[in-house]
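Below is one structure; the comments refer to it alone.
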Amino acid sequence: MNFPREGFRYYDIIRWKEGQTFTQKCYGMYFPSLGEYDLNDDGEIDLCLYQGTAPETAATLTYKVGQDIFLSEGDHGYVDPYYNITLTWNEERDYFYPIPTDDRSLSGGALTQNPGWDDGLDL
């Protein structure tokens with residue numbers, strides 16, 4: 001399944017037991033190569049992507065690929081804003097929220113914690 005990252009229906013995904021959807025990478029804009037880009041089509045260079053030494057450019061923004069910005073294929077591809085984050089989903093735990101510690105304490109042991117969550121209370 002491919003869900004868009006804006007306006008997606010969290011509770012539907014939980015109800016359908018499709019939590020693994022949340023482990024899919026979320027990419028940004030595609031750049032076919034390094035170089036200069038006019039992003040808003042106004043005739044002026046807005047962005048320069050480079051590797052190695054920074055080139056002379058009239059671009060408002062200059063990003064060194066692999067340091068300032070990360071692309072999915074190294075020197076081209078989609079912008080990967082979360083390149084250093086590994087998304088995980090625990091099927092046994094993540095469909096439930098933990099019961100707050102205060103609520104469990106006030107219940108005098110009547111409430112047990114949801115599966116997979118450990119709040120350190122022995123009630």
Would a distance-only check, ignoring hydrogens and angles, find a side-chain to backbone donor-acceptor pair under 3.5 Å from Gln113 to Ile99?
yes
Using the test ring-ring contact (aromatic ring centres under 6.0 Å, His included), find all partners of Tyr27 that sit at least two apart in sequence or belong to another chain.
none
For Glu44, give me all partners under side chain to side chain donor-acceptor pair (under 3.5 Å), at least two apart in sequence or on another chain.
none
To the nearest 0.5 Å, what is the distance between OG1 (Thr21) and CG (Leu87)?
12.0 Å
Atom OH of Tyr82 with >12 non-hydrogen neighbours under 6.0 angstrom:
no
Please list, chain by chain and in numerical order, all residues satisfying side chain to side chain contact (heavy atoms under 4.5 Å, CB included) with Leu106, sequence neighbours excluded.
none
Of all pairs that satisfy ring pair (Phe, Tyr, Trp, His ring centres under 6.0 Å), the ones with a partner from residues 41-72, not counting sequence neighbours:
Phe70-Tyr83
Looking only at non-hydrogen atoms, find the nearest pair between Cys26 and Pro81 and report the distance.
O-CD, 3.6 Å
Between atom OG1 of Thr101 and atom CG of Leu111, what is the distance when rounded to the nearest 0.5 Å?
11.5 Å
From Thr62 OG1 over to Leu49 CG, what is the distance, rounded to the nearest 0.5 angstrom?
9.5 Å
Strictly by salt bridge (charged side-chain N to carboxylate O under 4.0 Å, His left out), give each pair with a member in residues 63-82 just once, sequence neighbours left out.
Lys25-Asp80
Are Tyr78 and Met29 connected in a single hydrophobic cluster, I mean Ile/Leu/Val/Met/Phe/Trp/Tyr linked by side-chain heavy atoms less than 4.5 Å apart?
no
Residues at least two apart in sequence or cross-chain that pass salt bridge (charged side-chain N to carboxylate O under 4.0 Å, His left out) with Asp119, listed by chain then number, are Arg104
Identify, with sequence neighbours excluded, every residue that meets side chain to side chain contact (heavy atoms under 4.5 Å, CB included) alongside Asp118.
none
Taking the side chain as C-beta and beyond, is there a heavy-atom pair between Pro98 and Asn114 under 4.5 Å?
no
Pairs of donor and acceptor atoms involving the side chains of residues 51-59, under 3.5 Å and at least two apart or interchain, shall be tabulated with distances.
| residue | atom | partner | partner atom | Å |
| --- | --- | --- | --- | --- |
| Thr57 | OG1 | Glu36 | OE2 | 2.4 |
| Thr57 | OG1 | Ala59 | N | 3.1 |

Sequence neighbours left out, what pairs pass ring pair (Phe, Tyr, Trp, His ring centres under 6.0 Å) with at least one residue falling in residues 92-123?
Trp89-Tyr95
Flag the pair Asp46 / Tyr37 as yes when at least one side-chain heavy-atom distance between them is below 4.5 Å, and no otherwise.
no
Please determine whether residues Leu61 and Ile45 belong to a single hydrophobic cluster, defined as Ile, Leu, Val, Met, Phe, Trp and Tyr linked transitively by side-chain heavy-atom distances below 4.5 Å.
no
Does a side-chain heavy-atom distance below 4.5 Å link Thr60 with Leu47?
no
Under the side chain to side chain contact (heavy atoms under 4.5 Å, CB included) test, residues paired with Asn84 that sit two or more places apart:
none
If you count heavy atoms of other groups shown closer than 6.0 angstrom to CD of Glu92, is the number above 12?
no
How would you list, by chain and number, every residue that makes a salt bridge (charged side-chain N to carboxylate O under 4.0 Å, His left out) with Asp12, sequence neighbours excluded?
Arg9, Arg15
Do Val79 and Phe31 come close enough that some side-chain heavy atom pair is under 4.5 Å?
yes
Under the side chain to side chain contact (heavy atoms under 4.5 Å, CB included) rule, collect the residues that match up with Asp41, sequence neighbours excluded.
Asp38
